[in-house]
Amino acid sequence: MYMTSAEIREAFLEFFRTKGHQLVSSSSLVPHDDPTLLFTNAGMNQFKDVFLGKEQRSYVRAASSQRCVRAGGKHNDLENVGYTARHHTFFEMLGNFSFGDYFKKEAINYAWEFLTEVAKLPKERLLVTVYETDDEAFQIWNEQIGVPADRIVRIGDKSPEKKFESDNFWQMGDTGPCGPCTEIFYDHGEHIWGGPPGSPEEDGDRFIEIWNVVFMQFNRQADGTMDPLPNPSVDTGMGLERIAAILQGVHSNYEIDIFQTLIKHAAQIIGTEDLESKSLRVIADHIRSCAFLIADGVMPSNEGRGYVLRRIIRRAVRHGNKLGAKGAFFNRLVPVLANEMGAAFDELKSQIPVIEKVLKVEEEQFARTLDRGLQILDDALVELEGTQIPGELVFKLYDTYGFPADLTADIARERELTIDQEGFDREMEAQRKRAQSASSFDKDYNADLNVQHCSEFVGYDKLNDNTKVVSLFTKSGETIERLQAGQEGIVVLDHTPFYAESGGQKGDIGSLRMNDGAFAVTDTQKSGNAVVHHGYVEFGEIYVGEELTADVDERYRKTTALNHSATHLLHATLRQVLGEHVQQKGSLVGPDRLRFDFSHFESLSIGTLQQIEHIVNQQIRRNNPVQTNVMNIEDAKRSGAMALFGEKYDDDVRVVSMGEFSTELCGGTHVERTGDIGFFKIISEAGIAAGVRRIEAQTGQAAIDMMHSLGNQMSEMSSLVKGDTHSIADRVRQTVDRMRSLEKEVEQLKAELAKHKGASLTDSVVEINGIKVLVNQLDGADPKSLRGMVDDLKNRLGSGIVVLGVPGDNKVSLIVGVTKDLTSKVKAGELVNMVAQQVGGKGGGRPDMAQAGGSDTAALPDALASVNEWLSERL
């Protein structure tokens with residue numbers, strides 16, 4: 001039964017909707033509040049806190065089509081992508097979930113019903129696995145579903161010493177929720193090599209896993225104890241690409257509709273007719289991960305998620321270059337991808353211009369980086385001893401400059417050299433281990449704050465409230481019954497007026513007042529469904545069950561609200577002035593200022609910034625009421641409310657409206673009317689990443705104080721240049737022009753002085769084996785003039801070698817010049833390094849000109865004195 005990828009996705013979700021499941025949108029590829037993950041890599045990620053009991057949802061059954069990336073950290077098969085049938089950086093995981101509702105029987109029946117009745121897969125082609133001791137799952141498959149016993153494979157532990165370490169036993173980490181799983185495999189037929197799971201030939205391609213059902217049954221403690229979970233749950237996953245390959249009658253995922261469309265367009269853009277090229281597969285895979293990562297706010301950079309994105313982009317571009325691509329090509333695939341997947345993922349469709357621009361900028365930058373890498377390689381080859389390029393250098397070029405190892409090998413072959421492949425592989429393996437240790441689930445999930453309470457936030461309309469303590473923790477997170485004076489700790493209240501940090505808004509500060517004590521709240525955060533108040537006991541003590549009064553710092557809250565409401569007005573203004581491509585990429589709202597990151601590709605002119613300020617202040621003066629309404633999230637989106645980047649929303653959301661000008665989903669605190677903001681002033685605007693700009697601004701009294709400060713500075717500058725505030729610009733311009741003119745005169749005089757000084761140096765020339773050599777220490781010379789001086793001396797000598805050293809303040813400048821007729825005998829880079837090592841430095845350059853630096857000025861005379869002996873051995 002042929003089904004397109006889009007039809008499969010729709011059929012899966014509709015099937016589980018009819019089974020009482022809440023359809024949940026895919027979460028961002030950037031995991032929300034989860035430092036253990038580099039990227040979202042499984043459908044269960046967004047439900048992890050629900051499985052852990054830290055979060056409650058309004059439903060107990062859910063289904064989703066989750067976009068996933070596995071290209072860094074623990075799950076990293078980047079080098080295999082494009083060369084195997086099923087490795088991808090980006091994939092979709094279709095999943096259904098039960099949070100303490102149904103369990104093994106229903107989960108197995110749902111999976112079998114969808115595969116055999118909806119997808120119409122032949123039952124005789126399906127084979128299942130169960131955990132070796134999971135007799136219950138075996139019985140359900142065999143007696144209720146009717147799968148023959150010889151098509152049910154029991155998979156045990158990998159070794160007797162490693163209990164529960166099995167392909168059919170899932171665990172979130174070394175501790176926490178875990179349990180057996182059952183997998184469904186599809187048999188592609190005897191014509192493809194491979195054996196069933198558990199056999200020596202299981203790594204073949206005949207039997208392919210298509211569905212995994214995890215039964216979260218136990219809570220594993222640090223000592224290995226398996227405690228039964230009070231509410232056993234279900235987590236399932238089926239790769240869309242894998243099931244699409246089966247239903248479309250092909251063996252490789254790259255032959256399904258989505259990939260074939262991308263491959264054909266990539267071939268057309270690049271100008272190749274080889275549709276079987278592995279490089280086209282790489283490009284088709286990588287455009288999906290790159291586009292979705294950028295849509296979810298990741299930007300190319302040299303660290304973290306941005307570094308992984310940059311590596312993927314560069315790998316795709318390199319494969320395009322191998323096929324003969326001319327100029328930027330990768331970005332041109334974005335509209336094709338959006339046409340294929342935009343209907344299911346609106347965040348992709350709405351950001352086409354942003355994604356295209358980021359990719360184009362990165363492609364162009366990589367082209368320049370390749371040039372820089374070539375220059376570094378050329379410089380390194382000048383000093384190379386032997387015929388092999390060290391693996392460390394090959395890796396540095398690859399890791400730092402994105403210079404592919406195979407390209408380095410090509411250049412090496414042209415110069416009759418080789419590369420140290422083993423050394424490069426060692427460096428790559430070390431990098432993989434570093435990446436794995438930086439991103440894993442290896443943490444004790446039972447060591448988090450053990451907060452079962454769901455705190456009610458009551459602070460939208462009031463800043464203080466009478467409440468009581470329900471939990472106390474030490475600063476390190478240990479449960480405790482009371483805290484004494486001077487102790488730091490964490491307090492959980494029955495209900496609270498304190499706003500917990502969320503959506504870019506900082507958490508409230510204030511105090512908790514008891515009958516005989518006070519607790520200073522220095523920060524407010526979330527832990528699952530609980531609001532946790534961090535701080536210390538000022539005097540007295542605080543204990544569990546104590547009734548108290550919670551007081552939020554009024555000034556802190558209100559000044560923060562001014563900046564938060566202004567952020568909404570700024571967001572709407574940017575979209576009006578710059579275009580609908582503007583998307584929020586992050587924000588930070590506190591009492592002193594606001595910071596707003598957004599997608600845009602060029603700096604904003606002074607005129608544009610003034611226009612933005614004018615519109616925001618115009619909206620402030622209109623004094624529109626700030627209204628909030630709680631509604632279903634889908635209804636909110638249909639009403640035109642904008643969702644903020646990176647924020648996780650509940651089923652019911654707050655919609656904050658400021659007249660007809662701004663409507664956003666937001667759980668933060670705001671002013672009552674826009675006029676309360678008073679005044680808005682931009683402090684700075686700058687780029688922080690490719691395609692991402694940042695505006696910082698102030699509001700209210702802080703903005704007015706800043707304007708007063710600027711006015712005072714203007715008055716002071718007017719006095720210094722003997723003008724007034726109206727003529728200060730002309731006066732400063734005249735002063736700067738005069739300063740530049742004088743600097744130019746000074747440089748000319750320095751050059752003339754250096755020329756005369758160089759002419760007098762020719763009296764110090766000696767001959768070594770018939771070669772003219774000039775070695776001299778120049779006290780008080782300008783290091784910037786050395787290159788010109790050496791060129792002049794080389795011209796005067798006609799043929800010869802020049803070595804000059806300049807001592808400075810704890811610094812030595814060295815330069816060596818060799819006329820071109822002598823570079824076969826003496827290379828400037830080798831000579832300058834010999835001298836530099838004696839003064840605590842190093843350097844390099846071309847064979848005819850090289851410079852170096854050092855720090856030991858006292859050693860300079862002896863270092864220069866060693867030159868003649870060194871040259872005597874070589875001339």
Side-chain angles (χ1 to χ4, degrees), residues 32-36 49 52 54-55 443-460 462-514 516-561 563-564 587-592 595 647-648 667-669:
H32 180 82
D33 292 338
D34 191 346
T36 68
D49 283 347
L52 289 169
K54 295 181 180 179
E55 180 184 348
K443 60 171 285 190
D444 186 349
Y445 284 93
N446 299 315
D448 292 333
L449 292 181
N450 187 23
V451 186
Q452 303 299 324
H453 184 71
C454 180
S455 302
E456 180 188 3
F457 174 62
V458 296
Y460 285 125
K462 53 187 175 182
L463 295 175
N464 58 74
D465 196 31
N466 295 322
T467 181
K468 71 176 181 177
V469 180
V470 295
S471 300
L472 284 176
F473 301 90
T474 63
K475 182 182 178 182
S476 59
E478 299 172 359
T479 304
I480 196 170
E481 287 299 312
R482 63 183 62 230
L483 291 169
Q484 307 289 341
Q487 277 190 289
E488 293 184 71
I490 302 168
V491 180
V492 181
L493 302 175
D494 179 44
H495 53 272
T496 178
F498 282 78
Y499 181 82
E501 182 171 327
S502 180
Q505 180 178 331
K506 288 184 176 181
D508 282 333
I509 64 172
S511 65
L512 307 178
R513 293 185 289 104
M514 297 80 74
D516 299 310
F519 181 91
V521 178
T522 58
D523 189 20
T524 308
Q525 297 286 332
K526 285 183 178 179
S527 178
N529 290 321
V531 174
V532 295
H533 307 76
H534 295 256
Y536 61 92
V537 181
E538 293 184 280
F539 63 91
E541 66 175 8
I542 185 171
Y543 56 86
V544 175
E546 183 171 16
E547 295 186 352
L548 51 75
T549 301
D551 280 322
V552 175
D553 185 303
E554 182 175 4
R555 181 183 176 280
Y556 190 97
R557 164 70 75 81
K558 289 190 173 180
T559 50
T560 299
N563 287 324
H564 199 160
S587 70
L588 182 64
V589 179
D592 54 341
R595 189 180 77 199
E647 183 66 5
K648 184 169 69 174
T669 61

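In this text the structure is predicted, and so the values were computed from the model without any measurement. Heavy-atom basis, side chains included; hydrogens, waters and symmetry copies ignored.
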Could you report the tightest heavy-atom contact between [X] and [Y], atom names first, then the distance?
| X | Y | answer |
| --- | --- | --- |
| Val537 | Gln484 | CB-O, 3.3 Å |
| Ser455 | Ala530 | OG-CA, 3.5 Å |
| Lys526 | Ala500 | CG-CB, 3.5 Å |
| Leu548 | Val469 | CD2-CG2, 3.6 Å |
| Ala550 | Phe498 | CB-CE1, 3.8 Å |
| Gly535 | Thr522 | CA-OG1, 3.6 Å |

Would you indicate whether Glu547, at its atom CD, is surrounded by more than 12 heavy atoms from other residues, nucleotides or ligands within a distance under 6.0 Å?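 Not buried by this count: 12 neighbours or fewer within 6.0 Å.
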
With a cut-off of 6.0 Å (strictly less than), are more than 12 heavy atoms of other residues, nucleotides or ligands near OH of Tyr536?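 No, the 6.0 Å shell around OH holds no more than 12 heavy atoms from other groups.
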
Scan residues 541-561 for pairs that pass ring pair (Phe, Tyr, Trp, His ring centres under 6.0 Å), counting only residues two or more places apart or in two chains.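 Every candidate ring pair (Phe, Tyr, Trp, His ring centres under 6.0 Å) pair involving residues 541-561 fails, so no pair, neighbours aside, qualifies.
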
Taking atom [atom1] of [X] and atom [atom2] of [Y], what is their separation to the nearest 0.5 Å?
| X | Y | atom1 | atom2 | value |
| --- | --- | --- | --- | --- |
| Asp553 | Lys558 | CG | NZ | 11.0 Å |
| Leu472 | Glu541 | CG | CD | 10.5 Å |
| Glu55 | Asp49 | CD | CG | 5.5 Å |
| Leu512 | Glu538 | CG | CD | 9.5 Å |
| Asp465 | Asp551 | CG | CG | 10.0 Å |
| Phe473 | Leu483 | CZ | CG | 11.0 Å |

Looking at residues at least two apart in the chain, or sitting in another chain, which of them share a salt bridge (charged side-chain N to carboxylate O under 4.0 Å, His left out) with Glu456?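 Once residues adjacent in sequence are excluded, Glu456 has no partner under the salt bridge (charged side-chain N to carboxylate O under 4.0 Å, His left out) criterion.
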
What residues, two or more places apart in sequence or in another chain, satisfy salt bridge (charged side-chain N to carboxylate O under 4.0 Å, His left out) together with Glu488?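 By the salt bridge (charged side-chain N to carboxylate O under 4.0 Å, His left out) rule, Glu488 matches Lys475.
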
I'd like to know if the side chain of Thr669 pairs up with that of Gln505 as donor and acceptor (distance under 3.5 Å, no hydrogens or angles considered).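 A donor-acceptor contact under 3.5 Å links the two side chains.
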
So Val531 and His533, side-chain contact (heavy atoms from CB on, under 4.5 Å) or not? Walk me through it. CA-CA 7 Å; Val531 174; His533 307 76; 3.9 Å; yes

For His453 and Asp494, run side-chain contact (heavy atoms from CB on, under 4.5 Å): C-alpha distance rounded to whole Å, both residues' side-chain angles, the deciding distance at 0.1 Å, then the answer. CA-CA 8 Å; His453 184 71; Asp494 179 44; 3.5 Å; yes

Under the side-chain contact (heavy atoms from CB on, under 4.5 Å) rule, what do Thr496 and Thr467 come out as? Steps first, then yes or no, please. CA-CA 7 Å; Thr496 178; Thr467 181; 5.9 Å; no

Does the His495 side chain pair with the main chain of Asn466, one donor and one acceptor, at a distance under 3.5 Å?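 Indeed, once roles are kept as given, a pair shorter than 3.5 Å links the two residues.
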
